[in-house]
2 protein chains.
Amino acid sequence: MCSFEDLVDRVGSKWSVGILLAAAGGPIRFGELERAVAPISRRMLTLTLRNLERDGLLVRTAYPTVPPRVEYSLTPMAFELQAALAALASWARRHQADVAAARLRYDGRTA
Amino acid sequence: MCSFEDLVDRVGSKWSVGILLAAAGGPIRFGELERAVAPISRRMLTLTLRNLERDGLLVRTAYPTVPPRVEYSLTPMAFELQAALAALASWARRHQADVAAARLRYDGRTA
DNA sequence: CGGGATCCCTTGCGATACTG
DNA sequence: CAGTATCGCAAGGGATCCCG
């Protein structure tokens, strides 16, 4: 019902958000992604791209040139998703110090 | 730097969001959580609770009664996080049909 | 350049059993 | 009631090599 589980499964994979962020600035090539989202492995980059494409968040465009050139760009849906993710990023920035402090306290008590 | 990775590691674990949601209505007991976030295993419930507590998102209060009674409640920080998560949930609701359609198209092309 | 295929290790997580 | 301990499988993901 809540579909939140599905969302986490989709976007919660290790590299998805990083790829979405890297593609936010317009179409980006495979090799550029590989550097932008480093240190992602070639394999995981491919797999994650496929999943994002499958979910309709990314569009893959292959130019039949030589050497091959492939670009990935966000769909409108993905831009909306980014707006929502921005709220999360904002929270993370505002509270990262608090979280770090909480961890220190917790680890100190249990050490 | 971006700390987004950390955030995903923290909140992106399989049950975290469900627990946060279940605890949003005020202090909740271990057993209640177990039912609310079903079908979570006892082990994962404990582990996830510990992690959320460690990050300062949950407060654990144990009452030295018999039988024991333990309650978990959200911290102010966690309530703010929920507001951000609501944006994500909203996106998921608005686009779940689009995602499903995209998958059908993708799977159809590749089958 | 942009992948696919294979190998293998690590991690997450469920099942089960035991405890204060 | 609210955990902890141990086992074991399956998925996630890195390394490497190969290909159009």
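Remember, it's a predicted structure, so these values are computed and weren't measured experimentally.
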**Q** Identify, with sequence neighbours excluded, every residue that meets side-chain contact (heavy atoms from CB on, under 4.5 Å) alongside A102(B).
**A**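 R105(B).
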**Q** Can you pull every protein N or O that's under 3.5 Å from an N or O on nucleotides 3-9 of chain D?
**A**
residue: dG3(D); atom: OP1; partner: R50(B); partner atom: NH2; Å: 3.1
residue: dG3(D); atom: OP1; partner: R60(B); partner atom: NH1; Å: 2.2
residue: dG3(D); atom: OP2; partner: Y72(B); partner atom: OH; Å: 2.6
residue: dG3(D); atom: N7; partner: R42(B); partner atom: NE; Å: 3.1

**Q** Sort and list the pairs that fulfil salt bridge (charged side-chain N to carboxylate O under 4.0 Å, His left out) and have at least one residue in residues 55-71 of chain B, not counting sequence neighbours.
**A**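 Salt bridge (charged side-chain N to carboxylate O under 4.0 Å, His left out) check on residues 55-71 of chain B returns R103(A)-D55(B), R10(B)-D55(B), R69(B)-E71(B).
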**Q** Does T48(A) have any side-chain hydrogen bond (donor to acceptor under 3.5 Å, both in side chains) partners at least two apart in sequence or in another chain, and if so, which?
**A**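 If we apply the side-chain hydrogen bond (donor to acceptor under 3.5 Å, both in side chains) test to T48(A), skipping adjacent residues, there are no hits.
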**Q** Answer yes or no: is there a side-chain heavy-atom contact under 4.5 Å between V11(A) and L88(B)?
**A**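 SC-SC contact between V11(A) and L88(B) ruled out.
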**Q** Would you mind reading off the bend of the helix from dC1(C)-dG20(D) to dG20(C)-dC1(D) from its two end axes, five pairs each, to 10 degrees?
**A**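 Here the local axes at opposite ends form an angle of 50°.
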**Q** A24(B): what forms a side-chain contact (heavy atoms from CB on, under 4.5 Å) with it, not counting sequence neighbours?
**A**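 So A24(B) forms a side-chain contact (heavy atoms from CB on, under 4.5 Å) with L74(B), Q82(B).
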**Q** Calculate the interatomic distance between N51(A) atom CG and dA11(D) atom P; express it in whole Å.
**A**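 In whole Å, dA11(D) P and N51(A) CG are 15 Å from each other.
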**Q** Excluding sequence neighbours, so at least two apart, what forms side-chain contact (heavy atoms from CB on, under 4.5 Å) with Y106(A)?
**A**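 side-chain contact (heavy atoms from CB on, under 4.5 Å) check on Y106(A) returns R109(A), T110(A), R50(B), E53(B), R54(B).
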**Q** Any pair with a residue in residues 21-42 of chain A that passes salt bridge (charged side-chain N to carboxylate O under 4.0 Å, His left out), sequence neighbours left out, goes on the list, sorted by first then second residue, please.
**A**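 Qualifying pairs: E34(A)-R42(A).
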**Q** In chain order, what residues pass the side-chain contact (heavy atoms from CB on, under 4.5 Å) check against A36(A), with sequence neighbours excluded?
**A**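 For A36(A) the side-chain contact (heavy atoms from CB on, under 4.5 Å) partners, ignoring immediate neighbours, are A22(A).
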**Q** Under the salt bridge (Lys or Arg N to Asp or Glu O under 4.0 Å) rule, collect the residues that match up with R94(A), sequence neighbours excluded.
**A**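 In terms of salt bridge (Lys or Arg N to Asp or Glu O under 4.0 Å), with neighbours along the sequence ignored, R94(A) is linked to E80(B).
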**Q** At a heavy-atom distance below 4.0 Å, which nucleotide of DNA chain C is the first touched by chain B, and which is the last?
**A**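 So the outermost contacting nucleotides come out as dC13(C) to dG20(C).
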**Q** Who are the ring pair (Phe, Tyr, Trp, His ring centres under 6.0 Å) partners of W91(B), not counting sequence neighbours?
**A**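 In terms of ring pair (Phe, Tyr, Trp, His ring centres under 6.0 Å), with neighbours along the sequence ignored, W91(B) is linked to H95(B).
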**Q** Closer to the 5' end of DNA chain D via nearest nucleotide, is it M44(A) or P68(A)?
**A**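 Nearest-nucleotide comparison on DNA chain D picks M44(A).
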**Q** Send over the distance from K14(A) NZ to dG12(D) P, rounded to a whole Å.
**A**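 Atom NZ in K14(A) sits about 13 Å away from atom P in dG12(D).
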